[in-house]
Every structure is written in structure tokens, then in C-alpha cells.
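What follows is a set of notes on a single structure, which appears directly below.
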Amino acid sequence: MLEEVEHWLTRRSWSVADRPLDRLMVAKAARGMTVSVVLPALNEEETVGEIVSVIRRELMERVRLVDELVVVDSGSTDRTAAVAAAAGARVEHRDAILPRLPALPGKGEVLWRSLLVTSGDIVCFVDADLRRFSADFVSGIVGPLLTDQDVQFVKAMYDRPLHQPAAGRGPGQGGQGGRVTELVARPLLNLHWPRLAGFVQPLGGEYAARRSLLERLPFPVGYGVELGLLVDALHTAGLDALGQVDVGVRIHRHQDERALGRMAAAIYRTAQLRLSRAHLVRPELTQFERGENGFVPRTHAVDTEERPPVREIAEYTAGRAA
């Protein structure tokens, strides 16, 4: 590990306990900043309601840390939108945001569009499939942005058990999960962006950033969004502006191997684009399924689109000026 990274780990890695809520509220009031929380959601009716309820109760009613709580539904076919609204979130629908630009499928697309329907100085993203959700996921990663003006981008770090622990038992099988992180993202970062080698969960979906930074970054529309934002934040703001906070344990739904393969391909493509800014020769991934007569190839397109920095969108700049 680079000496610079070792030094960064001592300065920019924290625990959620390092910043109690009362300290955060004092810092928020002193600096006059606002906080938006965004949950990108696709068919998450089983979990989105509890996450919204916890954030509202702990961080909007007991204290006013969060000013805006938005669920962006990216085309759910279940009751995700209704459950989120009933729990107290404002629900925005992906296709209704910036309708002149047809929406592309993918999580990054939803995060990018969310900037047009939120107003917070700090924007906090939280995946909508988390179970046993704690408000620490939000307060932990927002904390450094409220208390340290030099910090611009903060990711959550956590244990990620592969199997959900049973009630009343330990944290489950530790040291597992995050397979794409360990097999794809971490090797890529260590080899090509070694200054980012200190991030425990580089692909984690829980992170917060200053709007002033996010509006300058391009957003890969698909699975590559987390790696893309992290790499681009490094180049735009510098390592010392990035941080991470330990928030405990993350329990969520795991993807099957085929979905992980598509995720890995998108992440590799995102890395390649940032290394060379060249076009992929063949942006497709072929996987295999066993059929009645042997293995059947299935070819999937790899995400190749990115949205530009949002400050280049006329509707965004007009809305901010209003």
C-alpha cells in the first residue's frame, strides 16, 4: 500500500460513533447546509418501507438532520412506490424526470436524474434493498461532510455477510459477499488507481457527497456508477477530499452469478473507459445456461452509456437559478 494511502487511512477513515448526532446538528446549523437522501428503487416493496420509516423517525422527526427524503422508482412492477409513499417518502418516477431525454435502464441513470429533483447541499444515496436498516448508514456518511469542509465524498464501509444472520445470533458468515468487489473492483483499483486501495467497500451503494462535486461528475448509467464516481471524484477533488465511515453490518439481497457477471463486465468497462477513453471493441458479455440439449449461450449488452455532468443540463441549471 502506498504511504500516502496509509496516511489517508489514519485521517479519513472513521467510525459512526466518532460523530454523535448532537454534534452533527450543531455543525449543520452553524453551516446552514441541507441534506437530501435518495433511495433508487426497483421492485423493493419488501424493504423500502422500513428504510424510509427509520430515516423519517430517527433523522427527520427526532432530529432534523435530513431535510428531504426521496425514493426514485425506476419502473417497479410491484408496490414499491405505494409502500415508500405510505412510509413518508416523496416518490419520483424516473421517466417523469427530464422527460425530453428518454430514460436508459440502470441504477446510475436513476442517481443522475435524482439530482434534478432534489435540492440538498449534501446528497446521500442509500440502496433500497437493505434489511435491518440503521439510521447510522445515513448519519455516519453525512457526518464528515457536515463537520469538515475539506471532505467532499464519503462512502460507507461495513461487514457484508453472505448469509443473513438468524435472529438473536451473531453477524452471520463474515468475510463473504462483495464478490464483484473482491474479484474485479479491488484488483482494478489496486492496479490502476492505487490511491483508492484504502476503500473497504468501493462498490457499496451507500455514500454521500456535496452537490457541488456531484454536479461536475459524469454518471455511468448502469452497474459501473459506483466505481466511476469514486475514480472521477479522486481526479476531480483529490484523495484528501474522500473518506469512509464504518457503519457496522450491511444485510441485503445477493445477486445470482449471472447478474454478478453482468455487473463485473459493466464495472470493467467503466474502468477501461477511464483508463483509455477509447471505444470498446465489443460491448457485450456472453454467459451460458444449461438447456435440454446442453449449454445455451445468452449474450447481454454491457452498459456503454454515460450521462454528462448534470450542470450541463439546461433544466438543472434553470432550476437551481430559480
Side-chain angles (χ1 to χ4, degrees), residues 5 7-39 51-70 89 111 114-115 118-128 130 132-160 196 198-215 217 226 229-230 233-234 236-251:
V5 177
H7 180 58
W8 175 83
L9 282 169
T10 66
R11 299 185 64 252
R12 293 294 190 237
S13 291
W14 302 283
S15 166
V16 66
D18 292 336
R19 293 177 176 84
L21 273 176
D22 56 355
R23 179 185 171 194
L24 299 187
M25 295 308 300
V26 170
K28 183 174 186 283
R31 293 188 167 92
M33 289 185 288
T34 54
V35 176
S36 298
V37 175
V38 173
L39 277 68
I51 297 171
V52 169
S53 296
V54 170
I55 295 172
R56 281 206 66 88
R57 182 177 65 250
E58 301 294 332
L59 302 179
M60 299 181 78
E61 296 170 359
R62 291 185 180 174
V63 297
R64 188 67 180 180
L65 184 71
V66 173
D67 302 281
E68 187 176 40
L69 176 54
V70 179
L111 301 184
S114 76
L115 297 179
T118 56
S119 60
D121 303 307
I122 295 169
V123 182
C124 174
F125 299 122
V126 176
D127 281 350
L130 302 187
R132 304 188 186 183
F133 179 76
S134 166
D136 288 349
F137 273 81
V138 173
S139 61
I141 56 179
V142 166
L145 297 163
L146 291 172
T147 60
D148 190 331
Q149 293 180 318
D150 294 330
V151 176
Q152 296 193 46
F153 186 98
V154 180
K155 295 210 68 137
M157 56 177 169
Y158 36 71
D159 294 315
R160 193 175 181 184
L196 296 175
F199 277 92
V200 175
Q201 295 289 354
L203 299 186
E206 290 69 47
Y207 48 101
R210 298 193 190 280
R211 178 177 294 270
S212 58
L213 174 63
L214 291 173
E215 64 187 12
L217 303 180
E226 272 81 30
L229 289 178
L230 185 60
L234 172 69
T236 303
L239 181 60
D240 198 54
L242 314 183
Q244 60 185 348
V245 176
D246 187 349
V247 296
V249 178
R250 185 186 199 265
I251 306 296

- Going through the checks in order, is the salt bridge (Lys or Arg N to Asp or Glu O under 4.0 Å) test met by D150 and R11? CA-CA 12 Å; D150 294 330; R11 299 185 64 252; over 6 Å; no

- Note on the structure: Scanning both residues in full, the closest heavy-atom pair of V151 with V154 reads CG1-CG2, 3.5 Å

- Note on the structure: Shortest non-hydrogen pair, D246 vs Y158, comes out as OD1-CA, 4.4 Å

- Query: About how many Å separate NE2 of H7 and CZ of R12, when rounded to the nearest 0.5 Å?
  - Reply: 9.0 Å

- Query: Any sub-3.5 Å donor-acceptor pair from D148's side-chain atoms to L145's backbone N or O?
  - Reply: no

- Taking every heavy atom of S134 against every heavy atom of V54, the minimum-distance pair comes out as C-CG1, 4.3 Å

- Nearest-0.5 Å distance, CG of residue L69 to CE of residue M60: 5.5 Å

- Kindly say whether G120 contributes a backbone atom to a donor-acceptor pair with the side chain of R211 at under 3.5 angstrom? yes

- Taking E206 for the side chain and F125 for the main chain, is one N or O donor matched with an acceptor at less than 3.5 Å? no

- For W14 and P144, indicate whether the former's side chain and the latter's backbone hold a donor-acceptor pair under 3.5 Å. no

- Task: Answer whether the closest heavy-atom distance between the side chains of L39 and I55 falls below 4.5 Å.
- Result: yes

- Please report the C-alpha distance between D121 and T34 in whole Å, then the side-chain angles of each, then the deciding distance to 0.1 Å, and finally whether the side-chain hydrogen bond (donor to acceptor under 3.5 Å, both in side chains) criterion is met. CA-CA 5 Å; D121 303 307; T34 54; 3.2 Å; yes

- Message: Measuring only between side-chain heavy atoms, which start at C-beta, is L146 closer than 4.5 Å to L65?
- Response: yes

- V245 vs M157, side chain to side chain contact (heavy atoms under 4.5 Å, CB included): CA-CA, chis, key distance, verdict: CA-CA 6 Å; V245 176; M157 56 177 169; 5.9 Å; no

- Tightest non-hydrogen contact, residues L59 and S139, listed as CD1-N, 4.2 Å

- Query: With a 4.5 Å limit on heavy-atom distance, are the side chains of C124 and V126 in contact?
  - Reply: yes

- Query: Salt-bridged, E61 to R57, with N to O below 4.0 Å?
  - Reply: no

- So do the side chains of F133 and V138 get within less than 4.5 Å of each other, counting heavy atoms only? yes

- Item | Distance in Å, L242 CG paired with L196 CG, rounded so as to fall on 0.5 Å steps | 7.0 Å

- Message: So F153 and L234, do their side chains get closer than 4.5 Å, heavy atoms only?
- Response: no

- Message: Between D159 and R250 (salt bridge meaning N to carboxylate O under 4.0 Å), is one present in this structure?
- Response: no

- Query: Do side-chain atoms of K155 reach the backbone of G243 as a donor and acceptor pair under 3.5 angstrom?
  - Reply: no

- Evaluate the side-chain hydrogen bond (donor to acceptor under 3.5 Å, both in side chains) criterion for residues E68 and T118: first the C-alpha distance (whole Å), next the side-chain angles of each, then the deciding distance (0.1 Å), finally the verdict. CA-CA 7 Å; E68 187 176 40; T118 56; 4.8 Å; no

- Message: Between E226 and Y207, do the side chains contain a donor N or O and an acceptor N or O under 3.5 Å apart?
- Response: yes

- Task: May I ask you to decide if V200's main-chain N or O and Q244's side chain share a donor-acceptor pair within less than 3.5 Å?
- Result: yes

- Note on the structure: Closest non-hydrogen atoms of L9 and S13, given as atom of the first, atom of the second and distance, are O-CB, 3.3 Å

- Message: If you define the side chain from C-beta out and look only at heavy atoms, does anything of L24 sit under 4.5 Å from V142?
- Response: no

- Message: Show the nearest heavy-atom pair for residues D127 and G205, with the distance to one decimal.
- Response: OD2-CA, 3.6 Å

- Task: Examine distances only and state if a side-chain atom of T236 and a backbone atom of A233 form a donor-acceptor pair shorter than 3.5 Å.
- Result: no

- Query: Looking at CG of L203 and CG of L230, how far apart are the two atoms once the value is rounded to the nearest 0.5 Å?
  - Reply: 8.5 Å

- Message: I need the full list of side chain to side chain donor-acceptor pair (under 3.5 Å) pairs touching residues 21-32, with sequence neighbours left out, sorted by first then second residue.
- Response: K28-D67

